[in-house]
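Heads up, the thing below is written out as structure tokens.
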Amino acid sequence: MMLNRLETGSLASAFRGSREGFVVSRGRSPGRSQSIQVRASSGGDPAGWLQTASKQLGKLSSFGEKRKTATTTSTQGSSGDNVQYTATATIMKKLKLLDLIDRVADIQDDTSEIVGGKRVTVQLVSKDVDPKTGESMKSSEVIFPNWAGLEGPAASNIDFVLEFTVPKSFGVPGAILVKNAHPNEFLLVSFELELHDKSKAHYVTNSWVYNTEKTGARIFFQNTAYLPDETPASLKALRDQELINLRGDGTGERQIGDRIYDYQIYNDLGNIEKSEELERPNLGGNDMYHFPRRMRTGRRNTTVEAKKFPGMVYETRESKGDFYIPRDEAFERAKMSDFLADGFRSIGHSVSSKVTGFVTRKQEFDTVEEIKKLYAKKGEKVGGINNVLPDKEDIPEQEQHPLVFFQEVMRPDGKMEHPLLYPLPRLLQADDTSWRSNDEFAREFLAGLNPVMITRVKEFPIRSSLDPAEFGDPTSAITKDHIEGSLEGLSVEEAVTSNRLFVVDYHDAFLPFVAKINAQQNSATYATRTLLFLSKDGILKLLAIELALPPKTVGEERITRVLTTRKDDQLWKVNWEWELAKAHVSNNDITAHQVFSHFSRCHAVTEAVIICSNRNLSKLHPLMQLLAPHFKSTLEINRQARATLIAAGGSIETHFTTRAYSLEMAAVNYKDTWTFESQALPTDLVARGMAVPDPDSPHGVRLVVEDYPYAADGLELWGALKAWHKEYVDIYYKDDAAVLQDSELMTWWTEMREKAHEDKKDSHGWPELNSKEALVDILTTVIWIPSCLHAAVNFGQYDYAGFMPHHPTLTRRLLPEHGNEKDKADFNKNPEKYYLTSISNIDSTTTAMSVYEVLSAHSPIEEYIGERNGNWTDNAEALAAFKRFKERVNEADAVMRARNADPKLKNRGGPVKMNYQLLRPHSKPGVTFMGVPNSITI
């Protein structure tokens, strides 16, 4: 996606050679944003050389990586007993906006250096204690040389070379202590130390360092992992202190420079201080609404007392800036710029329809064909986030032009063709009618946007677990008479016992809320059940749809309607009542997708894990090294969701049928269905009846529906993850006793249950962590959620739901028979128009499409499963095991590609010829319908 209009890669290649001690060369380090590197020699005035370079290279000086070298040494002992270490510290200065540094802050920091003598310093900490004093051996503090200097406006990495002279007995430093006396923060990108024998040590950095005069030096450990009781004596106190710093004391309002991870319930989704209509219940901390914990901000409580939910205390949404998360959890510079540019440009795709609607007052689509006019033709470039710049040969894309935002907005693919049209979703690319087929409707419960809800029918008729006194007869309205003629000659009992009858059942999750939902303006929904049959050729067939409304008064029966397929149904002859029934099912499904499968079970659950892990697992802990890449960017995207997407009056409430009750439903669903063990893929499949235990199968389970693309592909990645985690655990834990003796691990698992999921602490489904095998299972579940599960339910949003009739976020009218006389007359007059006025209008359609386009896109700096920074550990065994993991991931990808090429596996592509690729591990940037990032980055 990144366009190098200035051809900096080629320019960098040209500026080789030296000029009076000044060398310009191309930077090659992964993740660095620039392509020019400037080296100042240790002689003369380095700052002056930088100024000269800036004049000579013009704007390109701001695109460079600067290297400041000075003979700045730390000396201990006599010279004969000493050795010299050379460090390269890479930093980036404070950002102001997008890709630009904060010039005012830069001047402040330079002034503090020159006038106030305020410095940035580093001190090495040996792994050994001084035998004379019994205390940690430390080097003297070394100053970052020549900090003050002229940098260009664009953000760039700056290398500082530091020299340390230490005793020969100092050994490999296990940590560094960084002090920042400047008024402003900087990003310590990396710290590499070359020892006297030319070997190198790396430190876990990539962290923003704020002023440390009141907090004390920042601690950064070497990338060598230790279990708590194996920690070198000189590092034990630092290890303990760092965890204390990260936990905080649970008091006060968090400030932007804090690095504190603490828990809070979701008590800030409403905004009662703005309007009583925006009051929403607390999620978590009460008997009715259970939920995982979020990041504590420490903001004050509201000044207005609860009205609808007496006794609840809310947190104000007033904030000096964005809701607090530790700065290191925010998007990286390039990711933030790309994210904002994608959003800016995707909204542009909706401009035409929104302006037209404003001018003409047109709010509704007249025909389904009219909706298709929102898209560019197949293969036509739209200047959008699905069009990716081909790789440059001489420099990686992420290292090209540093002004990511402007580059991405203005010329993401080098052209600006049809910037006001949406890219054509893959759903419509083979043809634009197959989306409506019953077979495609059924297939997507196995291979679609939300393939985690389908269950096998174990008894018939299906029964509800809701209270009959309140909701009437619990027996489903679908009877044998509705379906027995469509079971390929089988009786219902035979279909059940032969594992060929399935259901997607939203009845119990929705029915208690239906009356409240339908009392809202422009909301009309049912609680739905969809019954499906597995045919002899392995295709899932749609049998019947049950639509239910609650009793009008307690003691009465539900109002139900059962619709079944007709043999004469044809794509060219549309049964609009049947299509509206399917739309109500799809609306239940996409609501459940967003608030159950996606936000609650992926985003919210992972946030609780991130908080718990940072509070209890030291950066020195091998498990923190394992987990770290699976936490990247998640707190940032969750912060943004809490600010706009899921808050009262936000996008979910505005554009989804459930509106104000969306998150209440999520909390009730979490309370009723969530257990830790059920988040493991094999356990989930068995619980839903979609697999049976089978010790002879590769993953311990055998699929009931062999051609279940989500499950089949998911098990390949689950197996790869589990094998990797087993190897990793074997490296650090010699036996089960070592697991039990790991104090940090035991505290982590206890707090996961008792604090992160406090509302569920006494529920079943918490495995006992008493062995290496149990640890492997727990780790695989924890990592499966933000990587594979999230990819499966996230990156198909645009291609499946970007065409609104296929997954409408709004349903505004019931079937005519459940409406009024006008509804019946409108339907008889124009069934298609009635259908369209029953689902999303133009504004909600284009808003949802823009959101889906952004949420389905991969960043150019995405890190996928099986990928990691090369310096994440110095353990050779772990690196070798990770290499084998990467090979297994690639093997899994090959299996998925082979499955997509197998014509016998008809559920892979279905009528829309859209092969299931959501769990293929890797992807190019943009909307690609594939790729499994390590973490929830969007």
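Note: hydrogens, waters and symmetry copies are ignored here, and every other heavy atom, side chains too, is used. Since this is a predicted model, take the numbers as computed values, not measurements.
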Quiz item: Looking only at atom types and distance, does a side-chain atom of Y85 sit under 3.5 Å from a main-chain N or O of V172, one as donor and one as acceptor?
Solution: no
Quiz prompt | K632 atom NZ, neighbour heavy-atom count above 12 within 6.0 Å | solution = yes
Quiz item: K127 and Y226: side-chain donor and acceptor closer than 3.5 Å?
Solution: yes
Practice problem: Mind jotting down which residue pairs meet the ring-ring contact (aromatic ring centres under 6.0 Å, His included) criterion with at least one end in residues 188-213? Sequence neighbours excluded, please. | Solution: F191-Y203
Quiz item: Just by distance, do the side chain of N211 and the backbone of E185 share a donor-acceptor pair under 3.5 Å?
Solution: no
Exercise. Mind checking side chain to side chain contact (heavy atoms under 4.5 Å, CB included) for I778 and listing every partner two or more places apart, or none if nothing turns up?
Key: F676, W748, W749, P767, L769, V782
Exercise. Would you indicate whether the side-chain heavy atoms of I91 and F144 approach each other to under 4.5 Å?
Key: yes
Quiz prompt | Side-chain donor/acceptor of R119 to backbone N/O of I143, under 3.5 Å | solution = no
Quiz prompt | Check: S199 side chain, L195 main-chain N or O, donor-acceptor pair, under 3.5 Å | solution = no
Quiz prompt | Backbone of L617 reached by a side-chain donor or acceptor of H621 within 3.5 Å | solution = no
Quiz item: Between F160 and W147, how do the two ring planes meet: parallel, tilted or perpendicular, split at 30° and 60°?
Solution: parallel
Exercise. Side-chain contact test, heavy atoms from C-beta onward, threshold under 4.5 Å: evaluate it for I610 versus N614 and give yes or no.
Key: yes
Quiz item: Are the side chains of E863 and P933 in touch, meaning some heavy atoms are under 4.5 Å apart?
Solution: no
Quiz item: Going from CD1 on I783 to CH2 on W724, what distance comes out if it is rounded to the nearest 0.5 angstrom?
Solution: 8.5 Å
Quiz item: Any side-chain heavy-atom pair from T212 and V178 closer than 4.5 angstrom?
Solution: no
Quiz item: Counting heavy atoms not belonging to K118, are there more than 12 under 6.0 Å from its NZ?
Solution: no
Practice problem: Compare all side-chain heavy atoms of T634 with those of T937 and state whether any distance is below 4.5 angstrom. | Solution: no
Quiz item: Below 4.5 Å, heavy atoms only, C-beta onward: do V204 and F221 meet side chain to side chain?
Solution: no
Exercise. For residues T111 and Q108, determine if any side-chain heavy atom of one lies less than 4.5 Å from a side-chain heavy atom of the other.
Key: no
Self-check item: Member of R259, K619, R247 meeting the side chain to side chain donor-acceptor pair (under 3.5 Å) criterion with E242
Solution: R259
Exercise. Mark yes when over 12 heavy atoms from residues, nucleotides or ligands other than E213 sit less than 6.0 Å from its CD; otherwise mark no.
Key: yes
Quiz item: So, D268 side chain and E315 main chain: donor-acceptor pair closer than 3.5 Å or not?
Solution: no
Self-check item: Minimum side-chain heavy-atom gap R239-P228 below 4.5 Å
Solution: yes
Self-check item: Candidate list E751, E754, E758, test salt bridge (Lys or Arg N to Asp or Glu O under 4.0 Å), partner R293, passing option
Solution: E758
Quiz item: Has the side chain of D130 got a donor or acceptor atom that lies under 3.5 Å from a matching backbone atom of E135?
Solution: no
